[in-house]
Number of protein chains: 2
Amino acid sequence: MKRPTLEVVAARAGVSKSSVSRVINGETTVAPEIRDVVMRAVHELGYVPNGAARNLVTRRTDTLAVVVSDPPQGVVSDDPLFSAVVRAVSRELEKAGKRLVLMLAESDQSRTRVVQYIAGGHVDGVLLVALHGTDSLPAALARQGLPVVSFNRTSAQDVPYVALDNAGGAALAVRHLLERDRRRIATITGPLELYEARERLAGYRQTLRDTGRRSIVALGDFTRVSGAEAMRQLLEDDPDLDAVFASNDLMAIGALRTLQKAGRRVPEDVAVIGFDDIEAASYTSPALTSVRSPMADQATAAVHLLLSLIDGGPTDPVIMPNELVVREST
Amino acid sequence: MKRPTLEVVAARAGVSKSSVSRVINGETTVAPEIRDVVMRAVHELGYVPNGAARNLVTRRTDTLAVVVSDPPQGVVSDDPLFSAVVRAVSRELEKAGKRLVLMLAESDQSRTRVVQYIAGGHVDGVLLVALHGTDSLPAALARQGLPVVSFNRTSAQDVPYVALDNAGGAALAVRHLLERDRRRIATITGPLELYEARERLAGYRQTLRDTGRRSIVALGDFTRVSGAEAMRQLLEDDPDLDAVFASNDLMAIGALRTLQKAGRRVPEDVAVIGFDDIEAASYTSPALTSVRSPMADQATAAVHLLLSLIDGGPTDPVIMPNELVVREST
DNA sequence: ACTTTTCCAGGGAGCGGTCCCTCACGACGC
DNA sequence: GCGTCGTGAGGGACCGCTCCCTGGAAAAGT
């Protein structure tokens, strides 16, 4: 099942390789009759250009890597937003006529494999998703000298990024709770190695400080069980609290369960608000109020930034605004 | 930022290209001292082989495509299982030292693009996920003459596949409901263009028939809202029903909500059972009993089958067993 | 009418690897 | 001591494409 080559097509059409190449690549300096005879030959033979050969000489691959850097426990890729992001990226690349190579970097070993692969010239650019601030990957990739866009802020200074307005979102949540006349507002944080977790915490703190209230903080790690556990902790430490801002929805869902088991009514006794507005937030009872993270839009923006970078465009970071989705839990 | 080539490394090490190539590819017929001097040159120069050049001559890419064929509404890729599958596949390929190109085929246009890409020799094999029975893609890809494995049964005869035991899983669910002394057991189906939906329905029907009971069927399309709607329909048609088997969890969750709004207690008045056991199934209240689809295992099996196919191995289909996860809703 | 410019098809040199084939050299057998 | 064999390094053709360069024909200029 050998595929025909340019040369075979050229022979069939009775023209030179160069002419066929020009037709294939849509150059305009080709006489119509040559164009036609070439196209016919192409269709008759079912010719499709060999990608490797083309890559080799053009040094472009029309392929972008999406690298998901994640500890083995899988905080990020377990996240329900993962598939939304992957889909949005995929759709956007499809539109731009590019391909997507997905790589999960879960261990140091796979991290070096990723760098090797990138260095091998297989891709034109890299989209980095959800890294720890301490991650060595962003810097290592940036050093390869090809375009890198991060899906979050990272410790590597010069990596362009598209980020959520995490602090602003947290402020939105807290102000909403204040408007509902809540006085003792606790928070459950994400893992503080992550920028987004730190920013959400900072937004929460700042807003409370501005209104002269004190923070009540419990640590979580963005998983549902950690949310349940943190809520238990909070109830013990401060039984009088009347609202909880969880740094993501999974933890909010965990907190909801804990509250129900403890016999607290939501939202009457304790209001609960999450962050991200994942699908499952609308399934819970009561349905969860949440700060919507426009992940699909963020993914789209990240792809655009990366594509523009590849074309030598600007590298200005993009910050996505969030909005509040009020449901039953507040 | 020009990367060094084999030739440069060879010059630096004072040996021939061939020797460097042998060292890089770990051939054993190389004298230790040559090996050492080459390795040193490789490290000093930071040499990484150019992928395109290698692909061109070896005709292998060590890359596999995962093609998700899906209508624009996104039945499959909206599915919470999507990310689980992608992750499992990614991990497995990582282990095997292969790369993953993800392609969503949402329109006819993108379908042709997929076929073109595959024909371009960019990948060594294809893993097809979740197709409509009428999909033209499996056949088109199989015609390309490279290994294809389907993640479900398809209409294309000769495409090897890894499937769930859908009928068996449905039977498991229905028998469980019968054991709970339910007499009027309804079902909410998936979109019947999909094999899995038909098989789940068939399993339901057969099990009821075997025990002399009649089927009560409402049509859904695997989305949550369709489940809610179908449940409304069922309550209207047959107010006395005491159990519902939904063909997937999202629809079960929708049904749960409808039942609660209608004032039926779950499981006291109506037992609800889902299929797939997605994460969210354990978040609902009451937590959802479900037939667990071992999607990650299925994905792993599919990758193994594909890899074995590439090495010229057998093409026997694999059927994955499912198990029941009993929670509060039954 | 002749030269200059424009335009477009063809020829062919790479791109950076792999791998077949040749050949040198040391070990071994007789 | 000489021929044979085995081992392993080197030379170079080749994978399929792009793109620069050349050259001939047609168009434009004088």
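The sequence lines fix the lettering, A, B, ..., with proteins before strands; numbering per chain opens at 1.
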Q) Could one point to a donor on the side chain of B:Arg3 or the base of C:dG16 with an acceptor on the other under 3.5 Å away? A) no

Q: State, without any angle test, whether A:Arg22 and A:Thr29 hold a side-chain donor-acceptor pair at a distance under 3.5 Å.
A: no

Q) Counting only side-chain N and O atoms of A:Arg54, is one of them less than 4.0 Å from OP1 or OP2 of C:dC15? A) no

(Q) Looking at C:dG16, I'd like to know if its phosphate oxygens (OP1 or OP2) sit under 4.0 Å from a side-chain N or O belonging to B:Thr5. (A) no

**Q.** Which nucleotide in C:dG17, C:dC20, D:dT18 has an atom nearest any side-chain atom of B:Lys17
**A.** C:dG17

Q.
Any side-chain N or O of A:Asn25 below 4.0 angstrom from OP1/OP2 of D:dT18?
A. yes

Q: Quick one: do B:Glu94 and B:Arg91 satisfy salt bridge (charged side-chain N to carboxylate O under 4.0 Å, His left out)? Show the steps, please.
A: CA-CA 5 Å; B:Glu94 160 84 30; B:Arg91 286 196 178 147; over 6 Å; no

**Q.** Side chain A:Arg59 and base C:dG16 donor-acceptor under 3.5 Å
**A.** no

Q. To the side chain of A:Val15, which of C:dT18, D:dA9, C:dG10 is closest?
A. C:dG10

(Q) If you only use heavy atoms from C-beta on, which nucleotide in D:dG10, C:dT18, D:dC19 is closest to the side chain of B:Ser19? (A) D:dG10

Q: Consider the side chain of B:Ala53, meaning its heavy atoms from C-beta on, and name the nucleotide among C:dG17, D:dC17, D:dG16 that approaches it most closely.
A: C:dG17

Q.
What's the closest nucleotide to the side chain of A:Ser18 if the choices are D:dG10, C:dG17, C:dG12?
A. C:dG12

